Amino acid sequence: MAGQPGRDGDRGPIGPTGPAGAKGETGAAGAKGEPGVDGTHGRDGRDGPQGPVGPAGPQGPTGATGPKGEQGDAGTAGPAGPKGDKGDPGAAGRDGRPGADGASGAKGDTGEIGPVGPAGPRGEKGDTGVDGRPGQDGAQGAAGPAGPVGPKGGTGQTGPAGPAGAKGDSGATGETGRDGQPGPTGPVGPVGAKGDAGDPGIAGPKGDQGNAGAPGRDGRDGAQGASGAKGEKGEKGDKGDRGEGGAKGDKGDKGDKGETGPAGPNRDPITLVSGNQALGRGVSMNFNGPTCPAGSKVIGGGFYQNNTPSDALLLASNPDTSGNRWQIWLKNPATASDNTVKVYTICQPTG
């Protein structure tokens, strides 16, 4: 009859590791594991470098400015969903209140200066007014004072200045640079503390390697980074070139005819005649004509014998400048008859 089994002996030392067994066949796919717990939110990545400025697009027509809408109340922020595909641009909404200034884009090229409009023609000088008609000859007598000269005709009006040239369009603003690449993923959370080791059991045969579990769900998108600082004010554009001078204006209208001036002074020579002066037979004597009035001077003269034919001889006929008159010198032969003489003085007004 068999006795009772004895107690187990003390555990012997672990033997050397045996050679690796042949690779077994791939086991059946394990059941899909539960989704892993969402990892901690990684830190926001740094803003990527600003992309190059794109070429300036053509200047589009300016749309009408819509009415400014009132700012609505801020809603509560919901959880960030996965980023969807970029949709088509929607219709432009009403202008809201200005938001915080974003990063300053690169300065666009200065637009070309618009062509200078043609200047208006310059008017020509108006025709000179017609001179007044000469006054009628005054009656013979003392010279009157000089009358004023008739007024000169008015100058024609200057033509209007041409319109100023239109201002050139402003250069188009460059496109906004592309978004920077996302920041790196945040670090993995710390591993939990290691538990106490259990008693080693008898090594079992190595099992076949199981299939890899399904990947865990994607973590939530990181929060939007803070707005960039306000960019510096752009430099002032260069001063435009000076416009060209305006073209010559049209000829002005003809001025009105000036009024007829008053009658001017008499400038015609004045002839004065003396009375009869006796010239006896055998006499040689000097005869003077009338003295020119004030404002005139002697310019000529002569004489007239009342008895014709006459044998009187003319010895001299000349102006008496000291007396401002004409004088003659006659000689009547003794064989001639008595005679009478009239002397003429011709005066020219000087006033």
Side-chain angles (χ1 to χ4, degrees), residues 122-159 250-351:
R122 180 180 179 184
E124 297 180 359
K125 184 177 180 181
D127 297 334
T128 305
V130 181
D131 295 335
R133 292 177 298 178
Q136 299 178 353
D137 296 339
Q140 181 175 334
V149 180
K152 184 178 180 181
T155 304
Q157 297 179 353
T158 303
D250 296 334
K251 182 178 180 180
D253 297 334
K254 184 177 181 180
D256 298 333
K257 182 178 180 181
E259 298 179 357
T260 303
N266 184 13
R267 299 293 181 182
D268 295 335
I270 303 172
T271 303
L272 305 177
V273 184
S274 68
N276 290 325
Q277 303 180 55
L279 176 62
R281 287 182 293 178
V283 176
S284 177
M285 61 182 301
N286 180 50
F287 297 94
N288 294 319
T291 301
C292 291
S296 62
K297 66 179 182 178
V298 60
I299 60 171
F303 71 98
Y304 173 76
Q305 300 181 59
N306 292 316
N307 294 337
T308 57
S310 173
D311 295 331
L313 301 176
L314 177 63
L315 301 178
S317 178
N318 57 274
D320 178 12
T321 55
S322 60
N324 200 17
R325 59 190 175 182
W326 196 260
Q327 62 181 1
I328 63 171
W329 193 274
L330 291 176
K331 179 180 180 181
N332 195 15
T335 57
S337 59
D338 294 334
N339 203 347
T340 56
V341 177
K342 291 182 179 180
V343 182
Y344 297 84
T345 300
I346 302 174
C347 308
Q348 175 66 53
T350 58

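On a predicted model such as this, the values are computed, not experimentally measured, just so you know. Every heavy atom of this structure was used, including side-chain atoms; hydrogens, water molecules and symmetry mates were not.
- Using a 4.5 Å heavy-atom threshold, the side chains of L314 and F303 count as touching.
- Remark: F287 pairs with Q277, L279, M285, I328, L330, V343 by the side-chain contact (heavy atoms from CB on, under 4.5 Å) rule, at least two apart or across chains.
- The shortest heavy-atom contact between P349 and I270 is CG-CD1, 4.2 Å.
- Closest heavy-atom contact between K331 and L315: CB-CD1, 3.8 Å.
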R325 vs V298, side-chain contact (heavy atoms from CB on, under 4.5 Å): CA-CA, chis, key distance, verdict: CA-CA 6 Å; R325 59 190 175 182; V298 60; 5.7 Å; no
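- In this structure, T345 contributes its side chain and T291 its backbone to no donor-acceptor pair below 3.5 Å.
- The closest side-chain donor-acceptor pair between N339 and S337, if any, does not fall under 3.5 angstrom.
- Put simply, OH on Y304 and CG on N276 are 9.5 Å apart, with the number rounded to the nearest 0.5 Å.
- Put simply, the side chain of S274 never gets that close to the backbone of G289: no donor and acceptor are under 3.5 Å apart.
- Taking the side chain as every heavy atom from C-beta outward, C347 and L272 approach each other to under 4.5 Å.
- With values rounded to the nearest 0.5 angstrom, T350 atom OG1 is found 11.0 Å from I299 atom CD1.
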Apply side-chain contact (heavy atoms from CB on, under 4.5 Å) to T271 and Y344, showing your working. CA-CA 7 Å; T271 303; Y344 297 84; 4.1 Å; yes
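- For T335, there are no side chain to side chain donor-acceptor pair (under 3.5 Å) partners two or more places apart in sequence or in a different chain.
- At a cut-off of 3.5 Å, with distance as the only test, no side-chain donor of S317 or W329 sits close to an acceptor on the other residue.
- Considering every non-hydrogen atom in both N324 and K297, the closest pair reads OD1-CA, 3.4 Å.
- Among all heavy-atom pairs drawn from P269 and Q348, the shortest one is CG-OE1, 3.5 Å.
- A distance-only check finds no donor-acceptor pair linking the side chain of N332 to the backbone of V283 [under 3.5 Å].
- No side-chain heavy atom of N306 sits under 4.5 Å from any side-chain heavy atom of V341.
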